[in-house]
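In what follows, residues are counted from 1 in the order of the sequence shown. Fair warning: this is a prediction, and the values are worked out from it, not measured in the lab.
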Amino acid sequence: MDNLGNLLDGFANVVTPMNLLFALLGVTIGTAVGVLPGIGPAMTVALLLPVTYGMEPVQALIMFAGIFYGGMYGGSTTSILLNTPGESSSVVTAIEGNKMAKAGRAAQALATAAIGSFVAGTIATLLLVVVTPPMVQFAISLGAPDYFAVMLLSFVAVTAVLGSSRVRGFASLLIGLTIGLIGIDAVSGQQRLTFGLPQLADGIDVVVVAVGIFAVGEALWIAAHLRRKSGEVIPVGQPWMGKQDWKRSWKPWLRGTALGFPFGAVPAGGAEIPTFLSYTTEKKLSKHPEEFGRGAIEGVAGPEAANNASAAGTLVPMLALGLPTNATAAVMLAALQQWGFQPGPLLFTRESALVWTLIASLFIGNLLLLVLNLPLAPAWARLLRIPRPYLYAGIIFFATMGAYAVNAQPFDLFLLLTLGLLGFGMRRFGLPILPLIVGVILGPRAELQGRRALQLSGGELHGLVGGWVSWVIYAVILVVLLWPLVGRFVVRPLRGRLVTG
């Protein structure tokens, strides 16, 4: 009952003209950047971080949440019309969505994606209201060893589970942890990795890191690889769905939501796995399996619902534990830290109005997105015709201005260029970006909790193991790390024996 009262208070805070304006601004920007290939919500939030310093934190978070949700909506437009997924979670949508578009059913594909996103986002946000407060109560009971173990799990999850290569994932994480170490040690007062430069004594601002890695690195990469002219866009009329389309879509929407939210809500989650699972599930359950690979509407409805449900689910560990499970959540977490808030369970007790206003804004933003996407789909499709040189030149310009605005130091521009080249190199060699950002944000916090645990035990290593929570987490980490060896040396030989036998 308290949750309902807090949510109603959140709605009362959201429905002010200024907050509604920021919600509309966020979903509009989010949809636009989701439509444009190569620009995602994480890059956009990173670019806008410096702009929000003069804003009220609640208004900035409302706008960021709108960008987060809007990016998911807009990504489906690019996947369907251009066969170019803007996010990894939109890859599955492109499989059937682009086939539908080429068959003259682009309107139906866009409609089932938009309505499915609305249904999944609404249900998942309701689950967020129900699930997050109990998780906060559980998180409050955790000690320093338990928090240290949870953060280790987050490091392992974003490298070994979500990435395509464990070695590259851990390499990216190591780079992020190294960047996070730069500055003065809070305990000993010694400078670490500053190379005698006084500008690095306070560390590298996470805004500069995010803007450099996401915006500058992505712009350099796209400029080096994509052709100058815009892609060939399939024409689209007004999105609509017939009776048969509704009949074939509503069950995939619900199943996609059921798959997406849990994967987003656990610290090892993400949107890629549930979208693939949803596609596989719909292919098995469909009464029209012969249409898969040729433009099955279930192959768009289910994965898009899973994608948006997972997006809402990622806010559970971000708000309750202070753990990001995707790039956009990581940048939003950095924003909370920049405003002086402590991410984690204490955020609910100390900044209850902020959190519940943010959650209420998700419902408003989800409705605004449906209103924007259905009637304005042809207009969004025209954004795909913007020449990329103009687009990415603008991104570089705003990235430079934003990074300079953080501390007004020319040295930050040198850091921005260096980090941009680092981001370009990571893309060149296939290193994922998310482990680096998670390492930069969570690295110092993991060091703090680890030191607290060791201080409580007088420096003994057993102090890193607290109650049953840390034991369970370390067991999960061990299974995740050893599973490839088990598959290679146990499962494969056993399977071979069964086949030959």
Side-chain angles (χ1 to χ4, degrees), residues 37-43 46 84-92 151-182 193 204 206 209-226 263-264 266-276 310 314 323-331 333-334 418-444 446-447 476-489 492:
I39 305 178
M43 181 200 294
T84 305
E87 295 282 326
S88 58
S89 55
S90 300
V91 171
V92 182
M151 290 179 187
L152 284 184
L153 176 62
S154 181
F155 292 150
V156 172
V158 298
T159 53
V161 177
L162 301 183
S164 58
S165 168
R166 291 173 178 241
V167 175
R168 291 173 180 171
F170 279 109
S172 175
L173 177 65
L174 180 61
I175 296 172
L177 292 174
T178 304
I179 295 174
L181 285 175
I182 296 174
L193 302 176
I204 301 178
V206 70
V209 177
V211 173
I213 295 294
F214 281 113
V216 179
E218 184 73 16
L220 292 176
W221 175 255
I222 296 294
H225 287 81
L226 290 186
F263 274 92
V266 297
E272 293 82 2
I273 298 175
T275 52
F276 277 99
S310 177
T314 57
L323 297 178
T325 57
N326 64 22
T328 312
V331 182
L333 196 68
T418 304
L419 291 166
L421 292 174
L422 174 63
F424 176 84
M426 292 178 66
R427 288 165 175 82
R428 166 64 180 82
F429 294 103
L431 271 66
I433 301 299
L434 178 57
L436 183 146
I437 297 296
V438 170
V440 171
I441 296 173
L442 292 187
E447 180 188 17
V476 172
I477 292 174
L478 194 63
V479 170
V480 170
L481 293 177
L482 295 180
W483 185 252
L485 296 177
V486 173
R488 180 174 182 179
F489 295 106
R492 288 183 185 176

(message) To the closest 0.5 Å, what do you measure between CG (Leu419) and CE (Met426)?
(response) 10.5 Å
(request) Quick one: closest heavy-atom pair of Arg428 and Trp221, and the distance? (result) CA-CZ3, 3.5 Å
(request) For the pair Leu436 and Leu422, evaluate side chain to side chain contact (heavy atoms under 4.5 Å, CB included) and give the outcome as yes or no after the intermediate values. (result) CA-CA 11 Å; Leu436 183 146; Leu422 174 63; 4.2 Å; yes
(message) Just verifying a value: how many Å separate Leu442 CG and Glu447 CD, rounded to the nearest 0.5 Å?
(response) 13.0 Å
(request) Check whether any side-chain N or O of Ser172 sits under 3.5 Å from a backbone N or O of Pro432 as a donor-acceptor pair, and report yes or no. (result) yes
(request) Kindly give the heavy-atom pair with the smallest separation between Ala446 and Phe155, and that separation in Å. (result) CB-CE1, 3.9 Å
(request) Please identify each residue that fulfils side-chain contact (heavy atoms from CB on, under 4.5 Å) with Leu193, with sequence neighbours left out. (result) Thr178, Leu181, Ile182
(request) Mind checking side-chain contact (heavy atoms from CB on, under 4.5 Å) for Ile477 and listing every partner two or more places apart, or none if nothing turns up? (result) Leu152, Leu153, Val156, Ile473, Tyr474, Leu481
(message) side chain to side chain contact (heavy atoms under 4.5 Å, CB included) for Thr418 and Ile204? Distances and angles first, verdict last.
(response) CA-CA 12 Å; Thr418 304; Ile204 301 178; over 6 Å; no
